[in-house]
**Q** 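Structure incoming, see below.
Indexing begins at 1, ligand by ligand and atom by atom, following the structure's order. Note that these values count all heavy atoms, side chains included, but never hydrogens, waters or copies made by symmetry. The structure displayed is predicted, hence computed values, not measured ones.
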Amino acid sequence: MKNYVIHDLPEYFKQYKKSIKNPKKFWDKIADENFVWYQRWNKVVKYDMENAKIEWFKNAKLNITKNCLDRHLNERGDKTAIIFEPNDPTEEAQHISYRDLHQRVCKMANVLTDLGVSKGDRVCIYLPMIPELAVSVLACAKMGAVHSVIFAGFSDTAVASRVNDCGAKVIICSDGSFRGNKSIDLKVIVDKAIEKTPLVEKVLVVKRTGCKVDFKEGRDFWLDDLFEKASPDFVTKIMDAEDPLFILYTSGSTGKPKGMLHTTAGYMVYTAYTFKNVFDYQENDIYWCTADIGWITGHSYIIYGPLLNGATTVIFEGVPTYPEPDRFWEVIEKHKITQFYTAPTAIRSLAKESADWVEKHDLSSLRVIGSVGEPINDEAWHWYNDHVGKKKCPIVDTWWQTETGGIMISPLPFITPTKPTYATLPMPGIQPVLMDDKRNEITGNQVDGNLCIRFPWPGIARTIWGDHQRYKETYFTAFPGKYFTGDGALRDEVGYYRITGRVDDIIIVSGHNLGTAPIEDSINLHPAVAESAIVGFPHDVKGSALYGFVILKDTGESRDKENLKKEINNVISDTMGPIAKLDKIQFVSALPKTRSGKIMRRILRKIAAGDFSNFGDTSTLLNPEIVDEIRDGKV
Ligand code: 6R9
């Protein structure tokens, strides 16, 4: 990789300046010198921020898997591409070479072709963290099908709504999944989802747990049966730079999840570039990101970014605390991990355990440690720095989003001096701006505001699948001409950024983004519930947890409130999955609403946090008396 790597701070500033002064030239050179293309682009970038229309490397022809796999075969054919570390530590880890991975991907592409998948078709993938998940993703990319990975913790209703939204005809799933000492029957969930998805024609099932599954003749197929017969030769599809690569669903402020669409060339260039620089990846490093491939972090920094750089990347099936709370540290020692990338919620939960669990392992292979998903608090930052990084490994606190495709603000290891809880400086090509509520840019340092980005970058999502209007309204309308992130941030005296958290109706629980609206919609399905409002409150492990204020219908009968709380959580679990369950539920007679009918969530947030000090201006409330009632009835 040429012209790609930043070596010191002056060079970072120089590159950064260049990238802002002439972004076209900057990205043109990176794209030109580091990837294989069938055909060059005739325009680096074309954009219209008013209408949210963005194109990069227009008319270039490529396939991302040629860059992830084929081009490494000569030099790195025998190098390990993927290390698979199973849930059960006594099951042997697998080392899959680039050559083997390439062959598996070609075979899978042939299997999918035989099932009727062709270029442009959407394929939903509902798999646990096993190698077949990466193989499926890459096979779709190789054949030009659009993958949509659905996190294997989602319920049948959530699966159905995603499958229907993207119009997938094929689902790839497994019989079941292992997670710690539990196993979950995934095929059963898919069977239920399919009752609500008229379009699905074929289901490809990977055998993992060996649990009993029901098979529907002509619809369901075992992967093993087809894989065995499949040819290892596949002619890679030639894709256009802006052809869709994948759809990944993220929470929105309405009940309908947003299918963020990423396209091919820009995403490739951006994830490869950021992976190399943020993790300082060197040829013999063993890199491990603990995210699930069902989230963007897994797409960009378990699969695409690492493989584009010819890296060795770990796929871990298990959980941090199984069989013991030292599983992460054990795996680091076992595979001699050099870069470790995880989430603050995992760090906080492991920091609660005795430090002996960490100390008993040799973590000396580590060079860089990373954090992603939510703001990392001071205590967690220091614990991570002291116990895991031994004060020698820089912490890269990487801020970014599903929508941004790749890391936007982060220290570069051994280059940017770190500062606890600060994501520090933008990547080259990224122009953060802070805006006040009146849409004015806030200049200078030691300021805070709404975080926006001024100029498009190659990795930005291009649209919401099937709803460009919503894409435009969500990201490009609040601050015209700019991309609005939904986050608040402050800029300190030297220009470092610290992300302060969401300023919209998204709550991040254990690193998972949850929209308040879909949870409220789900609670309201309970026959006894009239209305509800969800807010987040601080939680020492999850970061934020969910607090529900619920108004019951007057049915004339008195109900067992504790039982009702359980029932409400069951409804949430069934419709959205267990991650959206409420930690606390308080029954109230009304919600504080403004004259225009908006729930004043700011007040509910304070009550949920146990902070009754000052509710601020309540003069616009229609029912100010309700505030005292809710405060006094706090559970
Ligand atoms: C990559 C990912 C995006 C939201 C984002 C922000 C929060 C992510 C963060 C962070 C503070 C960090 N977030 N990284 N907040 N510091 N280092 O997590 O994507 O799931 O779409 O979430 O997560 O609020 O807007 P996604």
**Q** Name the closest protein heavy atom to atom 6 (C) of ligand 1, giving the residue it belongs to and the distance to 0.1 Å.
**A** D487 OD2, 3.1 Å

**Q** For the residue pair K482 and F479, would you count it as a cation-pi contact if the rule is NZ or CZ under 6.0 angstrom from the ring centre and within 45 degrees of the ring axis?
**A** no

**Q** May I ask you to check if ligand 1 and T297 share an N or O to N or O distance below 3.5 Å?
**A** no

**Q** In terms of residue, atom name and distance, what is the protein heavy atom nearest to atom 11 (C) of ligand 1?
**A** P375 N, 3.1 Å

**Q** Would you say NZ of K392 has more than 12 non-hydrogen atoms from neighbouring residues, nucleotides or ligands within 6.0 angstrom?
**A** no

**Q** Which atoms of ligand 1 sit under 4.0 Å from any heavy atom of D397?
**A** 12 (C), 16 (N), 17 (N)

**Q** Applying side chain to side chain donor-acceptor pair (under 3.5 Å) to S532 and E520, what does each step give before you reach the verdict?
**A** CA-CA 6 Å; S532 59; E520 288 160 7; 5.5 Å; no

**Q** What protein heavy atom lies closest to atom 2 (C) of ligand 1? Include the residue and the distance to one decimal.
**A** W400 O, 3.6 Å

**Q** Write out the residue and atom name of the closest protein heavy atom to atom 21 (O) of ligand 1, then the distance separating them to 0.1 Å.
**A** T402 OG1, 2.5 Å

**Q** Could you list the atoms of ligand 1 found under 4.0 angstrom from a heavy atom of V372?
**A** 1 (C)

**Q** Among all residues two or more places apart in sequence or in another chain, which pass the ring-ring contact (aromatic ring centres under 6.0 Å, His included) test with H468?
**A** Y471

**Q** With a cut-off of 4.0 Å, which atoms of ligand 1 are near a heavy atom of T398?
**A** 9 (C), 12 (C), 14 (N), 17 (N)

**Q** Answer yes or no for G373: is there a heavy-atom contact with ligand 1 below 4.0 Å?
**A** yes

**Q** Between N513 and ligand 1, find which residue part has any heavy-atom pair under 4.0 Å and reply side chain, backbone, both or neither.
**A** side chain

**Q** For a quick check under 3.5 Å, do Y267 and S300 share a side-chain donor-acceptor pair by atom type?
**A** yes

**Q** Could you tell me whether K542 and E374 make a salt bridge, using a distance below 4.0 angstrom between a side-chain N and a carboxylate O?
**A** no

**Q** What protein heavy atom lies closest to atom 4 (C) of ligand 1? Include the residue and the distance to one decimal.
**A** I508 CD1, 3.8 Å

**Q** Does only the side chain of R502 get under 4.0 Å from ligand 1, or the backbone, or both, or neither? Count heavy atoms.
**A** side chain

**Q** Is there a ring-ring contact (aromatic ring centres under 6.0 Å, His included) between F57 and W27 once you walk through the steps?
**A** CA-CA 9 Å; F57 309 111; W27 291 112; 7.9 Å; no

**Q** So which heavy atom in the protein is nearest atom 16 (N) of ligand 1, and how far is it from that ligand atom?
**A** E374 O, 3.4 Å

**Q** Could you tell me if any non-hydrogen atom of W399 lies under 4.0 Å from any atom of ligand 1?
**A** yes

**Q** Looking at residues at least two apart in the chain, or sitting in another chain, which of them share a ring-ring contact (aromatic ring centres under 6.0 Å, His included) with W400?
**A** Y301

**Q** Does the N or O separation between Q401 and ligand 1 drop below 3.5 Å for any pair?
**A** yes

**Q** Using the ring-ring contact (aromatic ring centres under 6.0 Å, His included) definition, which of the options F316, Y341, W329 pairs with W288?
**A** F316

**Q** Flag yes if more than 12 heavy atoms outside E441 fall under 6.0 Å of its CD atom; otherwise flag no.
**A** yes

